[in-house]
Amino acid sequence: MPDTTAPPPPTLTLSRPRPGVAQVTMSRPAVFNAFDEQMIAELDAAFAQLAEDEGVRVIVLAGEGRHFSAGADLQWMQRASTASLDWNVADARRFAGMLARIEACPKPTVARVQGAALGGGVGLACACDLAVAADNASFAVSEARFGILPAVIGPYVTNAVGKRQARRLALTTTRIGAAEALAIGLVQQVVAPDALDAAVDRAVDELLAGGPGAQREIKQLFAQLEVGPITPEVRELTAQTIARVRGTDEAREGFAAFLGKRPPNWMPQ
Ligand SMILES: C/C(=C\C(=O)SCCNC(=O)CCNC(=O)[C@H](O)C(C)(C)COP(=O)(O)OP(=O)(O)OC[C@H]1O[C@@H](n2cnc3c(N)ncnc32)[C@H](O)[C@@H]1OP(=O)(O)O)CC(=O)O
């Protein structure tokens with residue numbers, strides 16, 4: 001018998017708003033873009049594909065509708081609660097792998113945040129290189145309200161706001177507004193809701209102005225740096241990196257463009 005079960009509709013919309021830019025929009029607005037196994041797999045696949053796409057320089061992550069993301073789908077979490085530990089470990093690894101994929105994306109990523117970003121929604125925003133938020137945005141690391149914890153998103157939130165703020169957000173589950181999110185470094189810019197797209201576009205313009213190879217190196221190097229003492233190993237790592245990158249075609253183009261008083265012509269990566 002042929003399988004007549006229709007595949008579930010996709011949970012993401014992929015678009016190319018302009019040359020060099022891809023937008024990944026989470027599209028489960030009925031549950032405020034809460035993510036389940038399917039959306040996790042689709043986000044993972046989308047970022048894997050865009051990372052390899054020569055026509056893409058910058059990726060915007062957005063959520064359709066009123067809210068950016070209501071975090072993990074609590075129906076999925078409820079189903080998981082009755083499954084075996086092994087199943088849960090494999091399942092959580094897929095989520096952890098997807099966030100790591102976004103963070104390690106060799107291309108700059110921008111989260112476009114409107115409305116609420118809760119639980120895993122905060123993790124998604126923090127996994128991007130920068131987050132631009134509407135002033136109606138709010139954020140809560142809300143997991144403890146459901147008797148769980150922000151385990152997978154914990155490192156991303158901690159890297160964004162530091163240990164003490166991350167601990168406060170996770171323990172109190174307090175919901176903070178966009179102004180406080182800006183003050184603690186959870187987001188990098190806050191604008192009026194009707195100015196959000198223009199602000200994301202400006203951030204994208206700035207990202208497009210940099211050399212793609214240099215940006216890939218920045219992401220790789222900065223992922224290895226910690227706040228703390230600048231040890232001989234760190235000095236060596238930074239010296240080796242700049243020494244290697246100085247000799248690339250992209251760097252030669254960057255120097256020549258500046259000195260020749262012309263815009264650089266970045267080659268595809
Ligand atoms: C990543 C890890 C864990 C997590 O992420 S845990 C999940 C964290 N998420 C939240 O704290 C958000 C929970 N949702 C809300 O607080 C509210 O829904 C809202 C977003 C503030 C909106 O409130 P409002 O009153 O406007 O709307 P409703 O509550 O009636 O919601 C409408 C509709 O959407 C469903 N829904 C909302 N959020 C979720 C969700 N996360 N999962 C599944 N479904 C959700 C809600 O049930 C309603 O559905 P109806 O069928 O219409 O009733 C773990 C780690 O880090 O490791």
Side-chain angles (χ1 to χ4, degrees), residues 8-12 24-44 47 61-104 111-128 131 133-163 165-178 180-181 186-187 193:
T11 63
L12 303 179
V24 178
T25 304
M26 298 177 280
S27 299
R28 296 184 80 206
V31 289
F32 304 136
N33 306 314
F35 52 80
D36 59 1
E37 308 95 308
Q38 184 190 346
M39 194 193 283
I40 287 172
E42 289 177 7
L43 281 168
D44 193 56
F47 277 84
L61 177 62
E64 183 182 337
R66 209 147 51 94
H67 299 297
F68 175 70
S69 170
D73 185 317
L74 291 163
Q75 298 212 17
W76 161 50
M77 287 279 162
Q78 189 183 45
R79 282 196 304 278
S81 70
T82 61
S84 69
L85 179 60
D86 282 353
W87 185 91
N88 271 284
V89 169
D91 191 55
R93 279 185 184 143
R94 284 190 285 272
F95 173 40
M98 178 272 281
L99 276 191
R101 167 101 59 202
I102 295 177
E103 204 210 21
R112 176 199 183 279
V113 184
Q114 85 288 10
L118 303 174
V122 176
L124 284 169
C126 291
C128 292
D135 61 16
N136 67 5
S138 63
F139 302 81
V141 181
S142 54
E143 282 85 342
R145 294 226 175 157
F146 310 105
I148 55 173
L149 76 161
V152 172
I153 70 163
Y156 298 89
V157 180
T158 304
N159 281 346
V161 301
K163 274 191 187 178
Q165 288 291 1
R167 225 176 342 171
R168 172 181 76 107
L169 294 175
L171 290 171
T172 64
T173 73
T174 188
R175 190 140 160 196
I176 61 171
E180 188 174 350
L186 193 53
V187 301

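Order of appearance sets the numbers: ligands from 1, and atoms from 1 within every ligand.
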(message) Would Met26 and Leu12 count as a side-chain contact (heavy atoms from CB on, under 4.5 Å) here? Give the steps.
(response) CA-CA 5 Å; Met26 298 177 280; Leu12 303 179; 4.1 Å; yes

(request) Indicate yes or no: at least one non-hydrogen side-chain atom of Val113 is less than 4.5 angstrom from one of Phe139. (result) yes

(message) Heavy-atom contacts with ligand 1 below 4.0 Å: which residues, ordered by chain and residue number?
(response) Ala30, Val31, Phe32, Ala34, Arg66, Ala70, Gly71, Ala72, Asp73, Leu74, Phe95, Leu118, Gly119, Gly120, Ser142, Glu143, Phe146, Ile148, Leu149, Pro150, Ala151, Val152, Ile153, Arg175

(request) Quick one: closest heavy-atom pair of Pro150 and Ala170, and the distance? (result) CG-CB, 3.7 Å

(request) State, without any angle test, whether Gln38 and Thr11 hold a side-chain donor-acceptor pair at a distance under 3.5 Å. (result) no

(request) Would you tell me whether Thr25 and Glu64 have side-chain atoms, one donor and one acceptor, within less than 3.5 Å of each other? (result) no

(request) Would you mind checking if Glu180 and Arg168 are paired as a salt bridge, meaning a charged N to carboxylate O distance below 4.0 Å? (result) yes

